[in-house]
There are 2 protein chains.
Amino acid sequence: MGYTLGLKRSCLTSEEIERRLADAGVHATAQRIAIARYVLCEADHPTADQVKSWADKNFPKMSMATVYNTLKILVAAGLLKKIAFPHLNEAVYDDNITAHYHLIDEKTGRMSDLDPADFKVTANLKGVRIKEIEIFIKGRRELS
Amino acid sequence: MGYTLGLKRSCLTSEEIERRLADAGVHATAQRIAIARYVLCEADHPTADQVKSWADKNFPKMSMATVYNTLKILVAAGLLKKIAFPHLNEAVYDDNITAHYHLIDEKTGRMSDLDPADFKVTANLKGVRIKEIEIFIKGRRELS
DNA sequence: TCAATATTTAGATTAGTTCTAATTCAACTC
DNA sequence: GAGTTGAATTAGAACTAATCTAAATATTGA
Ligand SMILES: [Mn+2]
Ligand SMILES: [Mn+2]
Ligand SMILES: [Zn+2]
Ligand SMILES: [Zn+2]
């Protein structure tokens with residue numbers, strides 16, 4: 001320990017992160033606090049690779065296994081959602097755990113959130129028990 | 001040549017497949033005709049693996065490279081769509097090239113088509129140029 | 001303190017896919 | 001029909017994302 005995390009903006013302190021982990025029944029280790037803080041506060045739909053790159057700069061000697069293990073634990077704990085989207089070949093992790101949709105920028109491949117309040121979706125499906133609806137929009141965000 | 005393809009049902013003859021390939025500007029080889037016939041007529045959202053398995057039973061000595069090459073060619077020619085849906089770890093190939101949505105069976109992981117006529121989707125997105133809307137429903141098909 | 005348990009780690013492994021370079025095949029030319 | 005040329009096919013290597021393994025390390029708590 002004794003290192004400092006170079007967060008660009010802060011939404012939660014390490015203590016708050018610790019509490020959220022504890023509330024979710026996850027033992028808060030230094031690695032988990034660091035990753036949780038990055039994915040919950042700083043990052044936007046990061047890949048495991050991006051989490052690892054961040055860790056390489058901001059945390060001493062964290063292994064890829066720990067990155068994957070921790071992301072899996074955070075997903076299982078309900079603090080994070082794993083999104084595997086077509087046309088992207090790696091999964092991304094989403095701190096927005098409320099129901100929402102996604103825009104994939106055709107140029108950059110980057111994913112951003114779409115507010116479900118901006119959608120009206122009705123499905124008339126007999127014989128199908130719906131558990132979840134995922135909507136991915138491919139397109140571009142227009143520069144305003 | 002001289003082998004016979006063991007198709008379970010037939011929607012197109014080899015000659016018709018040949019014509020469709022030619023119309024799409026794709027040189028019709030024996031391998032391509034066989035694969036095209038399988039994915040366009042017999043299969044339902046098959047993976048590359050499933051195409052290969054079918055070929056192993058019905059075509060002499062076809063390589064995995066040819067399976068992938070041919071699927072890519074068919075996709076580029078607009079005869080087939082590649083769907084790389086996360087939560088599944090292999091891409092599937094879809095002969096239904098019209099706009100439609102998909103149901104992923106939670107138990108089996110199998111993908112099936114949903115008729116867009118059964119949906120009403122309106123999106124009120126300012127600053128977003130929509131190119132394509134993909135909808136994936138996770139759930140189950142109820143046994144009727 | 002010391003054992004028991006949990007976590008992290010490096011590296012191996014797996015699975016899907018793509019790439020490479022050699023061989024085979026098919027289509028023209030002569 | 002041979003011979004040439006370019007395209008298609010092939011086996012196997014390479015690549016990438018993700019998971020697994022087993023050893024090392026850290027933490028807990030008796
Ligand atoms: Mn990456
Ligand atoms: Mn498979
Ligand atoms: Zn999101
Ligand atoms: Zn389909």
Side-chain angles (χ1 to χ4, degrees), chain A residues 1-3 17-18 21-22 24-36 38-39 45-56 58-77 80-93 109 111, chain B residues 1-3 17-18 21-22 24-36 38-39 45-56 58-77 80-93 109 111:
Chain A
M1 293 270 292
Y3 58 93
I17 291 283
E18 272 191 67
L21 292 174
V26 175
H27 182 209
T29 66
Q31 286 88 343
R32 288 174 186 173
I33 292 169
I35 291 177
Y38 176 66
V39 297
H45 300 98
T47 65
D49 249 25
Q50 290 172 321
V51 175
K52 179 61 163 62
S53 295
W54 176 86
D56 287 344
N58 299 91
F59 196 101
K61 267 175 69 64
M62 189 186 298
S63 74
M64 198 64 184
T66 295
V67 170
Y68 275 111
N69 287 343
T70 301
L71 289 172
K72 185 172 286 185
I73 285 167
L74 295 177
V75 168
L80 204 59
K81 261 170 53 173
K82 181 181 185 178
I83 304 181
F85 178 70
H87 306 139
L88 295 181
N89 41 11
E90 333 171 52
V92 303
Y93 293 85
M111 186 179 295
Chain B
M1 294 270 290
Y3 59 95
I17 291 284
E18 272 190 68
L21 291 175
V26 175
H27 183 211
T29 66
Q31 287 89 341
R32 289 174 184 174
I33 292 168
I35 290 177
Y38 174 66
V39 298
H45 300 96
T47 64
D49 249 26
Q50 289 173 321
V51 176
K52 178 61 162 61
S53 296
W54 176 88
D56 287 343
N58 300 92
F59 196 100
K61 269 176 67 62
M62 190 187 297
S63 74
M64 197 65 186
T66 296
V67 170
Y68 275 109
N69 286 344
T70 301
L71 290 172
K72 184 172 286 186
I73 284 167
L74 294 178
V75 168
L80 203 60
K81 260 171 50 173
K82 181 182 186 178
I83 305 181
F85 181 72
H87 310 156
L88 297 178
N89 41 9
E90 331 171 54
V92 303
Y93 292 86
M111 187 179 292

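Chain naming here is simple, since letters A, B, ... match the order of the sequence lines and numbering starts at 1 in each. Basis for what follows: all heavy atoms, side chains included, without hydrogens, waters or symmetry-related copies. Keep in mind the model is a prediction, meaning the values are calculated, not measured.
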Heavy-atom distance under 4.5 Å between the side chains of [X] and [Y], does that happen here?
X	Y	value
A:Q50	A:T47	yes
A:Q31	A:N69	no
B:D49	B:M64	yes

[atom1] of [X] to [atom2] of [Y]: how many Å apart, nearest 0.5 Å?
X	Y	atom1	atom2	value
B:I33	B:T70	CD1	OG1	11.0 Å
A:M62	A:W54	CE	CH2	6.5 Å
B:I83	B:M111	CD1	CE	5.0 Å

**Request:** Compare side-chain N and O positions of B:T47 against OP1 and OP2 of C:dG16 and report whether any pair is under 4.0 Å apart.
**Result:** no
**Prompt:** Would you say C:dA27 has OP1 or OP2 under 4.0 Å from some side-chain N or O of B:H27?
**Reply:** yes
**Asked** From the list D:dT19, C:dT18, D:dA8, which nucleotide is the closest neighbour of the side chain of B:K72?
**Response** C:dT18
**Asked** To the nearest angstrom, how far is B:Q50 atom CD from C:dA15 atom C1'?
**Response** 15 Å
**Request:** Could you tell me the separation between the CD1 atom of B:I83 and the P atom of C:dT17, rounded to a whole number of Å?
**Result:** 13 Å
**Request:** Scan nucleotides 10-17 of chain D nucleotide by nucleotide, 5' to 3', and note B when protein non-hydrogen atoms come under 4.0 Å of the base, S if they reach only the sugar-phosphate, - if neither.
**Result:** BB-----S
**Prompt:** Which part of the nucleic acid does A:K52 contact within heavy-atom distance under 4.0 Å: base, sugar-phosphate only, or nothing?
**Reply:** nothing
